[in-house]
Protein chains: 2
Amino acid sequence: MARVSQEHLDARRRQILAGAARCFSGNGFHGTSMQDVLKEVGLSAGAVYRYFASKEDLIAAIADEAFRSIRQAFEEAAELTPPPTPDVLLGRVLRRVIDGQVYGLERRTCAALMVQVWAETLRDERLAATLEDGYTGMRAAWAKLVDAYRAAGIMHSDVPADDVARTMIATAQGFMAQEALFGGAEPEVLENGLRGLMSMDPQKIS
Amino acid sequence: MARVSQEHLDARRRQILAGAARCFSGNGFHGTSMQDVLKEVGLSAGAVYRYFASKEDLIAAIADEAFRSIRQAFEEAAELTPPPTPDVLLGRVLRRVIDGQVYGLERRTCAALMVQVWAETLRDERLAATLEDGYTGMRAAWAKLVDAYRAAGIMHSDVPADDVARTMIATAQGFMAQEALFGGAEPEVLENGLRGLMSMDPQKIS
DNA sequence: TTGTCAAGAAGGAACGTTCGTTTTAGGTTT
DNA sequence: AAACCTAAAACGAACGTTCCTTCTTGACAA
C-alpha cells in the first residue's frame, strides 16, 4: 500500500551501484569491505541488503554492467557503414567506453574498474562465461569488418581476419589498462599510434 | 651456529613465491588466504613467516618480479639492431614475457598473474611508483625505436613517436589480458594482426 | 668417526581482529 | 498502516599473524 515509486527504487539501486563502483575501482572487490561501501553510499546495512542479497550479487551486477558497456561500444562501432579505418574505429570505442558514463565514473576510475573486473573474472566462472559470450560475438563482428577492408582492397589478404580482429580489440584493452595504471591514455594517442603503425607496410619495407 | 645452506634458504624462498604466485594468479591477492598459500607450498605458517614478514611483503615480492620480467622483455626487444618491424618486435616481447618462466607458471597462468598485479597496483602506491618508473623507461626506449623507423623512412613522420610507442605497448598489454581472460592469444596471432594493420596505410586509402 | 648440543628452521594451535551478514527495535515517509 | 530506512548490536566464520613447541642441522670436542 505505501510503496515508494519504482523510480525511487531504481534510483536507490543505482546509488548503491555507483557508490560501490567507486569503492571497488580504487580498492578492488576484495580490498573493499561492505562497511566501506555502506559509508560511501550513505546508507545503512539494512537498506543495502534490501537491494542486493550479498556482496557477490553486488559485484556481479557491476561486472555485468561493465561488460555490457564494453560490448555495446565495440558492436556499435562495428556496425558503422562504410567501416572507418581502425584508428577512427578504435578511437570511437575508447571514447564510448571510457567516457560512457558507467555509473558516472571519471575516465581513469572507469578504466580502473575495468581492470578490477578482469581480475575478478579470473576467479568467477559465471563472470568468465558472460565475458566469453560477449567476446566471441565481438570477435566475429570485427572479423567481418576486417573482411570488408579486404574486399575494399585496403588491407592485404594474406592474414587471418580473426587475427586482425583480436589485435584491434587487444589494442583497445591495452589502452584501458594504460589509462587505469598511468592515466593520460587519450583516444587521440591511440588514433595517432595506429596511424603510425598503419603507415609501415612490411611488404614495402623489403 | 647451525645454519642451513644459503642455497636451501633461496630455494625455500622461491618455493614459497612460486606457490603463492599460483594461488594469487587464480584467486587474486585478496581472494587468496595465507592458509591457501601455506597449503599450496606445503609449509607451515611459522616457516613462511620466517621468509616474509607479512602477506603484503609476499605480494610486493611477486609484483616486483612480474614488473621486472615485463620490463626486461620490452627493453631487450628495443635494443635489437637493426630494429625489427613492430610485428616481430611485439611477438618477441610476448613470447619472452609469457613463456618467460615467471615462477615456472604456464602461459595463461602467467598472464593471469599479470592482470592481478595490475589490479593490485591500482590500490598500492608503492607498486604504482615501481610500475610508473619501469613504464617511463620503456616508453622512452620504444619512442627512440619509432624514431629509428622514421629515420629509415619506413614510417610516416606526421605522428608523435611517443603515441606510436604507447600504442605498441598497449597492444602487448591487451594480448596479455586476452591470454588471461580467454586463452589462445598466441604470439603468432599478434604478429599476423599487426601485419594486417600495417598493410592499410590511411594516406593511400583516399 | 662419532657424539653432543646450541641455534636455526619448521610445525601448528591459538590469538585478536575484521569480515559479510542478520537481527533487533525504533523512526520516517508515502 | 504498510513500506522504507536507520542505528546498533551481535553472529559465526575466516582472516593475518604470533607464539611456543618440536624437529633438524652442522660445528666441534672427543
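Computed from a prediction, not measured in an experiment: that's the story for all the values here. Residue numbering restarts at 1 for every chain, and letters A, B, ... go by the order of the sequence lines.
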Nearest heavy atoms of Leu145(B) and Met168(B), plus distance in Å: CD2-CE, 4.5 Å
Neighbours of DNA chain C within residues 6-37 of chain B, by heavy-atom distance under 4.0 Å: His8(B), Leu9(B), Arg12(B)
Electrostatic pair Arg71(B)-Glu76(B), nearest N-O below 4.0 angstrom: no
Asp10(A)-Gln6(A) side chain donor-acceptor pair, cut-off 3.5 Å: yes
Axis bend over the full length of the helix from dT1(C)-dA30(D) to dG26(C)-dC5(D), computed from five pairs that close each end, to 10 degrees: 10°
Between P of dC19(C) and CG of Leu58(A), the distance in whole Å: 16 Å
Lys55(A) vs Tyr51(B), nearer the 5' end of DNA chain C by closest nucleotide: Tyr51(B)
Under 3.5 Å side-chain donor-acceptor pair for Gln178(A) and Gln173(B): yes
Touch class at under 4.0 angstrom, heavy-atom based, for Ser54(A) against every strand present: sugar-phosphate
Listed nucleotide nearest any side-chain atom of Val4(B), set dA9(C), dT22(C), dT6(D): dA9(C)
Donor-acceptor side-chain pairing of Thr130(A) and Asp133(A) below 3.5 angstrom: no
Interatomic distance where CG belongs to Asp57(A) and C1' belongs to dG20(C) [whole Å]: 13 Å
Whole angstrom value for the distance that separates C1' of dT18(D) from CZ of Arg50(B): 12 Å
Chi angles and distances behind the side-chain contact (heavy atoms from CB on, under 4.5 Å) call for Val164(B), Trp142(B): CA-CA 9 Å; Val164(B) 181; Trp142(B) 280 59; over 6 Å; no
Side-chain donor-acceptor contact under 3.5 Å, Arg14(B) with Tyr51(B): no
d(CG, Leu38(A); P, dC19(C)) in whole Å: 11 Å
Among dT22(C), dC5(D), dT17(D), the one nearest Ser44(A) by side-chain distance: dC5(D)
Minimum-distance nucleotide (side-chain atoms of Ala47(B) versus dT17(D), dA10(C), dT21(C)): dA10(C)
Step-by-step side-chain contact (heavy atoms from CB on, under 4.5 Å) determination, Glu191(B) to Asp163(A): CA-CA 9 Å; Glu191(B) 289 168 343; Asp163(A) 290 6; over 6 Å; no
Mutual orientation of the aromatic rings belonging to Phe24(A) and Phe29(A) [parallel < 30°, tilted 30-60°, perpendicular > 60°]: tilted
